[in-house]
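Working notes, beginning with the structure itself.
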Amino acid sequence: MSLYYDAVSILTAPSSAGGSFKSRIYNARNLKATPAQVFALIIETSKWDILLKEVIEKADFLHLEPKLTPLLALLLVHDHLIAKKGIAAPSAHPLRQAIERHKTRLKAEFVKARVRRRCASIEELKAVVLREKGVDTVSEALYPRWVRINNVRTTLDDQLQSTFAGYQKVTSLSALAGDERKIYLDEHIPDLVAIPPGIDLTSTPAYKNGEIILQDKASCVPAYLLLGDAATKWDGDLIDGCAAPGNKTTHLASLLHSKSRVSKAKLPAVYSMDASATRAKTLQKMVTLAGADKIVTVLQGQDFLALDPSESRFKNVAGLLLDPSCSGSGIVGREDVPKLALPGVKGGSGNSQGKKRKRGRQEPEPRPDSDPDQPLETEEEAPHQKIDVDRLIKLSNVQACIVEHALSFPSAERVTYSTCSIHVLENESVVSRILASDVAKSGGWRIMRRDEQPEGLKKWRHRGIRTDVVPVPNAADKQPEANPIVNLTDEEIEACVRCWAGDDEGTGGFFVAGFVRDCTRVESISGKNGKHASDASHRNSTVAPDDSESDDSEEEWGGFSD
Ligand SMILES: C[S@@+](CC[C@H](N)C(=O)[O-])C[C@H]1O[C@@H](n2cnc3c(N)ncnc32)[C@H](O)[C@@H]1O
């Protein structure tokens, strides 16, 4: 029963609580039910709210049940009428009884509501209700649960035969509609699958053991772009400069790893850091849980900008992943607490929806990856802070600095830059500034073209833009900084990877660009950094997509050594 009270407490929490709606659930320390259950209940109820309101009002029983607030009633009636297992509470529980006392009326009104809409099945009814609500069933109603398979601990095949045994394979995201056990194997990112959002994996052994990681598809692009299709052959060390809570670090480890790697050679080292000591603790936890601690060294509370690229331990760093703080404007669910249509109470009962029940509860330990990217926002990313152009300009200055610092690592040959922002000012404009910087020019850096990207990403259709799709508030007053300068060629724009929330790809808004060192450029530039660039240029030249990559081709690898 705590599930319903948990959902009410989330929905009625003050808006100043901060964080995206989803992140607030996953970060809430006072929930008894699992965050996934609470999230699914709220989202599923929000899809049906107008119909449930109609049914409850016509059944006209709220004034008879003082324990039921309109919000509680909506959530409970959802499960009573629609959820496969009914209300998640023992049959003697007073709230369950408060609903079941009226089950005949509720059932009758539900059937009438369906007949009025001329629907033969519940699925049909769901689609009609969503249309009434003006929701596109594929884009908004269906935001799948993305699940990344962690190759450090398991394989996709193992998971298909264990955690996902009995799941029906489907070939499109839209086919995941409903609550049935279906699975979609992603066509762009290796070892990524999607399942219906209502399915809770948090109690599975695979989740608890770090074999699977819940991570939005868009957030999987940077590590894949950095290491490419032949990631198991990558032999330079890596840095994840802005790493907490650790989704991309553990993704790097997963890509580098393959269960079939035969122990001979040493795996590359990954230095993973976060300037926030608190967030770095979560990073360490997630790295350990994912089994990546054998290759990942977490530098807790380390400011990436304070790293000295000439330090000897970084001499073999060939790839750097930078995912710095951003406005978070692409995060799905930001300020998106579903506004549920609540039933009215005839006869004016005093049970208000905001009334909170006092509960003494143990605080559950949140899982670090429970809401990839989203739960552990930086101070800068807190949504209650207004997104305005001044803030974007500040963020973009730091973003550019961070990537330029990455380009100065002597053996670096690939760098990725990513944000979960939709603004040109933080994305294409930052790329444009980076490419124009001295460090990029003298180091021979250029953008990683679309035709050089891993196979899955070559196929990805959303590419860079030059002008904001969603205008930035008060940008018009701030000339000229508010007008982002995007001095990129068409080829460079095409090289930028964009993801958009609300389309049929099921991702949040995201931006990624890769930079590579081009030794021909550096040779044409006299003086500094030329040697570094050519040092770097040979190492991972084999990292380009390689069709011959197979389990058999990995005997030279040494696997993990303790
Ligand atoms: C968007 S989050 C990173 C998410 C992470 N890449 C993941 O996939 O789980 C940005 C992080 O960068 C960190 N950060 C910001 N500036 C930094 C800096 N100069 N050095 C190190 N970390 C920094 C913030 O504390 C924050 O945790």
Side-chain angles (χ1 to χ4, degrees), residues 19-20 23 26-27 146 148 150 189 192 210 213-226 238-255 270-287 289-290 292 296 298-309 319-331 334 366-383 394-406 415-422 426-427 430 499 507-512:
S20 70
S23 74
Y26 279 85
N27 282 342
W146 290 105
R148 177 166 67 70
N150 176 17
I189 309 279
L192 183 72
I213 288 172
L214 308 183
Q215 182 170 351
D216 183 56
K217 173 172 174 174
S219 147
C220 296
V221 173
Y224 181 40
L225 185 66
L226 185 69
L238 296 164
I239 284 182
D240 183 349
C242 303
N247 289 300
K248 295 173 191 72
T249 291
T250 55
H251 192 196
L252 288 172
S254 176
L255 287 166
V270 181
Y271 298 97
S272 177
M273 69 210 68
D274 201 280
S276 151
T278 318
R279 290 167 63 86
K281 284 199 183 109
T282 310
L283 168 63
Q284 179 65 67
K285 259 196 223 167
M286 189 164 170
V287 163
L289 182 70
V296 175
V298 173
L299 309 177
Q300 300 211 10
Q302 173 68 53
D303 178 353
F304 173 68
L305 288 170
L307 278 192
D308 177 0
L320 295 98
L321 186 152
L322 288 312
D323 184 41
S325 301
C326 69
S327 63
S329 52
I331 292 175
R334 181 161 291 276
R367 261 278 300 229
D369 69 322
S370 49
D371 187 18
D373 273 358
Q374 302 180 15
L376 292 144
E377 293 154 331
T378 54
E379 296 72 26
E380 303 94 309
E381 289 166 327
K394 277 188 203 144
L395 284 166
S396 64
N397 288 340
V398 179
Q399 290 155 353
C401 259
I402 284 180
V403 182
E404 284 168 29
H405 188 59
V415 167
T416 61
Y417 167 61
S418 52
T419 71
C420 52
S421 162
I422 56 169
E426 294 179 274
N427 297 325
V430 169
C499 299
T507 68
F510 208 80
F511 175 89
V512 192

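All ligand and atom numbering here is 1-based and tracks the order in the structure.
Taking distance alone, with nitrogen or oxygen atoms compared against 3.5 Å, Phe304 approaches ligand 1 more closely than that limit. Taking only nitrogen or oxygen atoms, main chain and side chain alike, Cys242 reaches within less than 3.5 Å of ligand 1. Looking at ligand 1, you won't find any N or O of Ser219 less than 3.5 Å from one of its N or O atoms. Considering backbone and side-chain N/O atoms, Met273 never comes within less than 3.5 Å of an N/O atom of ligand 1. Polar contact check, Lys248 against ligand 1: a nitrogen or oxygen pair lies under 3.5 Å apart. Polar contact check, Ile402 against ligand 1: no nitrogen or oxygen pair lies under 3.5 Å apart.
Side-chain atoms of Val403 and Val415, non-hydrogen and from C-beta on, do get closer than 4.5 Å to each other. Inter-residue side-chain proximity for Leu307 and Tyr271 is flagged as unmet; no heavy-atom pair is nearer than 4.5 Å.
For atom 2 (S) of ligand 1, the nearest non-hydrogen atom from the set Ala244, Gly328, Gly301 comes from Ala244.
Under a 3.5 Å cut-off, the side chain of Arg148 and the backbone N or O of Asn247 do form a donor-acceptor pair. At distances below 3.5 Å, at least one donor-acceptor pair connects side-chain atoms of Ser329 with backbone N or O atoms of Ile422.
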Criterion side chain to side chain donor-acceptor pair (under 3.5 Å) on Thr419 and Gln399, from CA distance to verdict: CA-CA 9 Å; Thr419 71; Gln399 290 155 353; 5.9 Å; no
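For Asn397, the side-chain hydrogen bond (donor to acceptor under 3.5 Å, both in side chains) partners two or more places apart in sequence, or in a different chain, are Arg433. In this view, Gln300 satisfies the side-chain hydrogen bond (donor to acceptor under 3.5 Å, both in side chains) rule with no residue, not counting sequence neighbours.
Rounded to the nearest 0.5 Å, atoms CG (Leu321) and OH (Tyr417) are 12.0 Å apart.
Taking a cut-off of under 4.0 Å to the non-hydrogen atoms of Ala275, the atoms of ligand 1 that pass are 17 (C), 18 (C), 20 (N), 21 (C), 22 (N), 23 (C). When each atom of ligand 1 is checked for a heavy atom of Ala243 under 4.0 Å away, the hits are 5 (C), 6 (N), 7 (C), 9 (O). Every atom of ligand 1 is numbered from 1 in the order shown, and the set under 4.0 Å from a heavy atom of Gly246 is 7 (C), 9 (O). The Gly241 neighbourhood of ligand 1 comprises atoms 20 (N), 21 (C), 22 (N), with distances under 4.0 Å to a heavy atom of that residue. Contact atoms of ligand 1 toward Asp323: 1 (C), 2 (S), 3 (C), 4 (C), 5 (C), 6 (N), 8 (O), 10 (C) (distance under 4.0 Å to a heavy atom of the residue).
The shortest separation from a heavy atom of Gln302 to ligand 1 is under 4.0 Å, placing the residue in contact.
A salt bridge does not link Lys248 to Asp240: none of the charged nitrogens lies less than 4.0 Å from a carboxylate oxygen.
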